[in-house]
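Structure first, commentary second.
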Amino acid sequence: MYVLKIPPTLRADLEGFEFLSGFLPNVNENVTKGKELFVDFSDCTSIDGNLAAVLGALLDKSVPISKRVMIGTPRNKTVKKVLARNHFLRAWRVDTKVEERENYVEYARFKSDVSAIEFKSYIQEGLIKKQKFPQHTDLAGEKIVESIYEIYANAVTHGGTDYVYSCGEYMEDTHRLDMTIIDCGQTIPGNVNDFFAKKSQPIIGDCEAIEWAFVSGNTTKNQTGGLGLAIIKDFIALNKGSIQVVSGRGFIEYRGDQVEQFLLNTPFAGTIVNVKFNFDDNNKYYMTSERQPFDKNDLL
């Protein structure tokens, strides 16, 4: 049996994404065929619950490598509560009795052929209808859901993945809900540079490729598109939230008009999109078509 320890602190930051990027290479290096993998949470005392989506995806990818994948019950009460209430532990057959709804978006795994209605319903029920979610018109809410759905649709279309994973966690200390959508398919930099190569254009760095993919109209398919995040980017900017994207060696965080870029030591084999919604927001959001004249809280 190979024991893989979760670090004492696992956050959606550079250190946390470095650990998650090295997860599968670690398993591939240390788990031989037929050997069991045990994921040990005993040292973990703090975790961002939305990262359960990433852990779930990585554990599923570990199953073909290992004879059996098991996870230990966290010793820390807070960590156990976080991973119990979002149903991550239940998904890995760890019994819990925690039942909450308001402070999380349930851990879920979606097959690549799931209907748009099913995924949008998951977003609508788990996120948009939260009591603490910023006020918005029905049309603005529909557009936000549509934009989040585009993250899933692009994972399937561009990433060629079999499954997409999602989860969310409300951070009481910052009045913020962090929601993660992740796939282990083709990376954004891989797709973009394959596309550039076919066009006889020079390849670009991983962070530059992610930024290229975020520009409305840019796409590696024979259709208009891009990542389809224009609405959610506008909303997050007004809402004073942020968006993190990890793919390949690239890690980019969009916060309003500011963009931070980092390069990971180990490439992440897939794409993580982490959207941080600010719930300490008393504004009400509209689409521009709904209000005249233009208002500072209008979306596209």
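Positions are given from 1, in the same order as the sequence printed here. Since the structure is predicted, the reported quantities are computational estimates derived from the model, not experimental observations.
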Candidate pair D162 and K111, rule salt bridge (Lys or Arg N to Asp or Glu O under 4.0 Å), full reasoning: CA-CA 6 Å; D162 293 327; K111 291 191 68 174; over 6 Å; no
How about N282: does its CG atom have over 12 heavy atoms from other parts shown lying under 6.0 Å from it? no
Will you find, in the side chains of E211 and Q261, an N or O donor that is under 3.5 Å from an N or O acceptor? yes
For K67, does the NZ atom have more than 12 heavy-atom neighbours from other residues, nucleotides or ligands under 6.0 Å away? no
Verify the ring-centre separation between Y170 and Y104: is it less than 6.0 angstrom? no
Linking I/L/V/M/F/W/Y whenever any side-chain heavy atoms sit under 4.5 Å apart, do L4 and I65 land together? yes
Would you mind listing every ring pair (Phe, Tyr, Trp, His ring centres under 6.0 Å) that reaches into residues 35-62, with sequence neighbours excluded? none
Just wondering, more than 12 heavy atoms not from K240 lying within 6.0 Å of its NZ? no
Over all atoms of both residues, closest heavy-atom pair of C184 and T161: N-OG1, 3.9 Å
Taking the side chain as C-beta and beyond, is there a heavy-atom pair between L263 and F251 under 4.5 Å? no
In Å, rounded to the nearest 0.5 Å, how long is the span from CD1 of I123 to CD1 of I148? 5.0 Å
Should E142 and L139 be marked as a side chain to side chain contact (heavy atoms under 4.5 Å, CB included) after you check the CA-CA gap, both sets of side-chain angles, and the distance that decides it? CA-CA 5 Å; E142 290 174 7; L139 180 59; 4.0 Å; yes
CG of L14 to CD of E260: how many Å apart, nearest 0.5 Å? 10.5 Å
Which pair of non-hydrogen atoms, one from L55 and one from L10, has the smallest distance, and what is that distance? CD1-CD2, 4.3 Å
Intermediate values then yes/no, side chain to side chain contact (heavy atoms under 4.5 Å, CB included), V273 and Q244: CA-CA 6 Å; V273 178; Q244 297 172 319; over 6 Å; no
Does the Lys NZ or Arg CZ of K120 fall within the cation-pi geometry relative to Y149 - under 6.0 Å from the ring centre and within 45° of the axis? yes
With heavy-atom distances below 4.5 Å as the criterion, would you say the side chains of F277 and L127 are in contact? yes
Which heavy atom in A53 sits nearest to a heavy atom in Y165, and how many Å separate them? O-CB, 3.6 Å
Stepwise side chain to side chain contact (heavy atoms under 4.5 Å, CB included) check, L177 with E169: CA-CA 5 Å; L177 188 141; E169 178 72 17; over 6 Å; no
Strictly under 6.0 Å, is that where the ring centroids of F110 and Y163 end up? no
What are the two closest heavy atoms between C167 and A52, and how far apart are they? SG-CB, 4.1 Å
Is there a donor-acceptor pair under 3.5 Å between the side chain of D206 and the backbone N or O of R249? yes
Are the side chain of S62 and the backbone N or O of L58 linked by a donor-acceptor pair below 3.5 Å? yes
Counting C-beta onward and ignoring hydrogens, is there a side-chain heavy-atom pair between V82 and I47 closer than 4.5 Å? yes
Apply the test side chain to side chain contact (heavy atoms under 4.5 Å, CB included) to residues W212 and F195: give CA-CA distance (whole Å), side-chain angles for both, the deciding distance (0.1 Å), then the verdict. CA-CA 12 Å; W212 183 90; F195 175 74; 4.0 Å; yes
Any side-chain donor near an acceptor of the partner, Y2 and N26, under 3.5 Å: yes
Would you check if there is a donor-acceptor pair between the side chains of Q186 and D194 at a distance under 3.5 Å? yes
Treating S46 as the side-chain partner and T9 as the backbone partner, does any N or O pair qualify as donor plus acceptor under 3.5 Å? no
Under a plain distance cut-off of 3.5 Å, with no hydrogens placed, do N274 and N50 share a side-chain donor-acceptor pair? yes
Pair H136 + F235: ring centers closer than 6.0 Å: no
Side-chain contact, heavy-atom cut-off 4.5 Å: Y254 with I236? no
For C207 and F262, the nearest pair of non-hydrogen atoms, with its separation, is SG-O, 3.3 Å
Do I144 and Y285 have side-chain heavy atoms sitting under 4.5 Å apart? no
Is V3 linked to I6 within one hydrophobic cluster, defined over Ile, Leu, Val, Met, Phe, Trp and Tyr using a side-chain heavy-atom separation of less than 4.5 Å? no
Do M70 and V27 share a hydrophobic cluster, counting only Ile, Leu, Val, Met, Phe, Trp and Tyr and linking them when any side-chain heavy atoms are less than 4.5 Å apart? no
Shared hydrophobic cluster, V192 / I203 (ILVMFWY, side-chain heavy atoms < 4.5 Å): no
Would one find more than 12 heavy atoms of other residues, nucleotides or ligands at under 6.0 Å from atom CG of D138? no
Quick check: closest heavy atoms across S247 and P189, and the distance to 0.1 Å? OG-CD, 3.4 Å
Side chains of N283 and D281, donor plus acceptor under 3.5 Å: yes
Check: K284 and T137 side chains under 4.5 Å, non-hydrogen atoms: yes
Say whether, by atom type as modelled, one donor and one acceptor occur between the side chain of T187 and the main chain of G248 under 3.5 angstrom. no
Closer than 3.5 angstrom, by distance alone: can the side chain of S121 be matched with the main-chain N or O of I117 as a donor-acceptor pair? no
Is it true that a side-chain atom of D178 and a backbone atom of M171 form a donor plus acceptor pair closer than 3.5 Å? no
Kindly indicate, with the supporting measurements, whether the criterion salt bridge (Lys or Arg N to Asp or Glu O under 4.0 Å) is fulfilled by R255 and E253. CA-CA 6 Å; R255 191 182 299 273; E253 182 161 4; 2.5 Å; yes
Once you measure the plane-to-plane angle for F119 and Y122, does it fall in the parallel (<30°), tilted (30-60°) or perpendicular (>60°) bin? tilted
Please name the residue in the list V245, I182, L51 that meets the side chain to side chain contact (heavy atoms under 4.5 Å, CB included) test with I272. I182
T271 and N154, any side-chain heavy atoms less than 4.5 Å apart: no
Between M1 and K35, is there a side-chain heavy-atom distance shorter than 4.5 Å? no
Residues Y152, D183; criterion side chain to side chain donor-acceptor pair (under 3.5 Å); working and verdict: CA-CA 9 Å; Y152 162 81; D183 73 89; over 6 Å; no
Indicate whether the side chain of S21 and that of T266 have a donor and an acceptor atom separated by less than 3.5 Å. no
Please check this pair: side chain of N86 against backbone of E106, looking for a donor-acceptor N/O pair closer than 3.5 Å. no
